[in-house]
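Structure first, commentary second.
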Amino acid sequence: MKVLKFGGTSVGSPERMKHVADLILPGNRNVVVLSAMSGTTNSLVEISEYLYKGNIPGAQETINALESKYIGVISALLATEEVRIKASERIGHIFALLRSYLNEALTEAGEKEILAQGELMSTALMQCYLEEKGVKSVLLPALDYMRTLEGGEPDMQHIGSRLRRMIDLAPAAEIFLTQGYICRNNVGGIDNLRRGGSDYTASIIGAVLDAEEIQIWTDIDGMHNNDPRYVEGTRPVSELHFEEAAELAYFGAKILHPSCVLPAKLHNIPVRLLNTLQPEAKGTVIYNFPPDGKLKAIAAKDNITAIKIKSGRMLLAYGFLQKVFETFENHRTSIDMMATSEVGVSVSVDDDSRLAAIVDDLKNFGTVSVERDMVIICVVGDLSWEHCSFQPKVLQALEGIPIRMISYGGSNYNISVLVRNSDKIRALRALSEKLF
Ligand code: ADP
Ligand code: ASP
Ligand code: MG
């Protein structure tokens, strides 16, 4: 059994949906995870924002535009009147639900329910299309099995036992469809796995069902060696170690959700990144393999803030770093990079929502300064310190670009530098030019 996940652009139009159906058949009882059609989750976010602001006409207008889009999709996707009516009813229920929120003050629970509708529409439409093609597909409603624990982690045991039971109850099914991204939280409310979270859904399902492989189908032929949105001439990397993929995903390679790597890695299930638009391309396979000494790819993580804490008393002052870390822990803010010296420590964070309070607390331990609008550039590969000299190559490539922090040695897989946002594209291009 395999898990195949199709992202927003892969189901982004009726033609693409038909193409996905071609790719998933014959079904072989595989599990197919669908995202919302591209643009839909953004529209749902917009609707929620209007509702929070009490801008009812704004919300109404976005709902109407989204509904027109889906009415168009139904008529282009489905050929028979009977199935069109069925699809219209299902989509109609969803728009009735969205409109019900026009009459009440939006709560967080309501917002989560609104955000869930995109994935629900994708699976409803795909199921109708498969029915028309005579394929026995069975829907596994994510809200019936995907559950998170109090801290937001997936409840793997519950998910596994529920899913297996649902699958066993459908012995004639050729293929299973399910929604990515959406789940229930520990108190049973509708929730989600954060933006881009359908990849995570696929990985969780792959892990609990002990799948043969997890396939992430998207709009590009695998993980490229640099960010194709900013650098020309990037090329797909054929193999990545789980650790390398985790570094790249965490440090900004959008093709993979950062949480997606861990469940697959823990269960040793290969993850294959494939291109819906070019299905014959090899893509990237992510698995455990021995060190190969190769440099793989570069990624960038935006909107980073650097915080420096200088203390005259750091010399011989054990416990200083502990106090610094405790401050971040108290504010539930995680640190991305750090650099230490005898007189101070610098750290970087991407979540600055608690920054003012953190800085206030840190002032108890030294002089604090903050720099915003930074970006972490991360060079990833099997970069063992004993075998090669990747660091000088990276630094030479970045000649002329001011570097605020450097980090290597946390793992063998990554060298990170912190530079100004305004230097990001220049840095990415220079690294591609010199390293590949
Ligand atoms: P989906 O909607 O299928 O989940 P995403 O938009 O989340 O797709 O991810 C695919 C996009 O990731 C690509 O279109 C590409 O622009 C972007 N991307 C960023 N960095 C990389 C990279 N290193 N390799 C491949 N794609 C990348
Ligand atoms: N539809 C959700 C989003 O746009 C989840 C996903 O596509 O993975 O973030
Ligand atoms: Mg994605």
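Since we're looking at a predicted model, the values are computed, not measured. We count ligands from 1, going down the list as the structure has it; atoms in each ligand are counted the same way.
- At least one heavy atom of G196 sits closer than 4.0 Å to an atom of ligand 2.
- When hydrogens are left out, the protein atom nearest atom 6 (C) of ligand 2 is S198 OG, 3.3 Å; that is the closest non-hydrogen contact.
- With a 4.0 Å heavy-atom cut-off, ligand 1 is reached by the side chain of P228 but not by its N, CA, C or O.
- Between R194 and ligand 2, not a single N/O pair is under 3.5 Å apart.
- Near I220, meaning under 4.0 Å from any of its heavy atoms, are these atoms of ligand 1: 13 (C), 25 (C), 26 (N).
- The closest approach between a heavy atom of S35 and any atom of ligand 1 is not below 4.0 Å.
- Distances below 4.0 Å separate heavy atoms of R229 from the following atoms of ligand 1: 16 (O), 19 (C).
- Y52 and Y50 have their aromatic ring centers separated by at least 6.0 angstrom.
- When non-hydrogen atoms are compared, ligand 2 lies under 4.0 Å from neither the backbone nor the side chain of H257.
- At a heavy-atom distance under 4.0 Å, only side-chain atoms of S35, from C-beta outward, approach ligand 2.
- Put simply, part of N226 is less than 4.0 Å from ligand 1, judged by heavy atoms.
- For atom 13 (C) of ligand 1, the nearest non-hydrogen atom from the set L256, V231, I255, D219 comes from D219.
- Looking only at heavy atoms of the protein, atom 3 (O) of ligand 1 is closest to T218 OG1, 2.8 Å.
- Taking 4.0 Å as the cut-off, K5 counts as a neighbour of ligand 1 on heavy-atom distance.
- Look at G180 and you'll find every heavy atom at least 4.0 Å from all atoms of ligand 2.
- With respect to the salt-bridge test (charged N to carboxylate O, under 4.0 angstrom), the residues D191 and K112 qualify.
- Looking only at protein heavy atoms, the nearest one to atom 1 (N) of ligand 2 is E119 OE2, 2.6 Å.
- Ligand 1 has G222 within reach: a non-hydrogen atom of the residue lies less than 4.0 Å from it.
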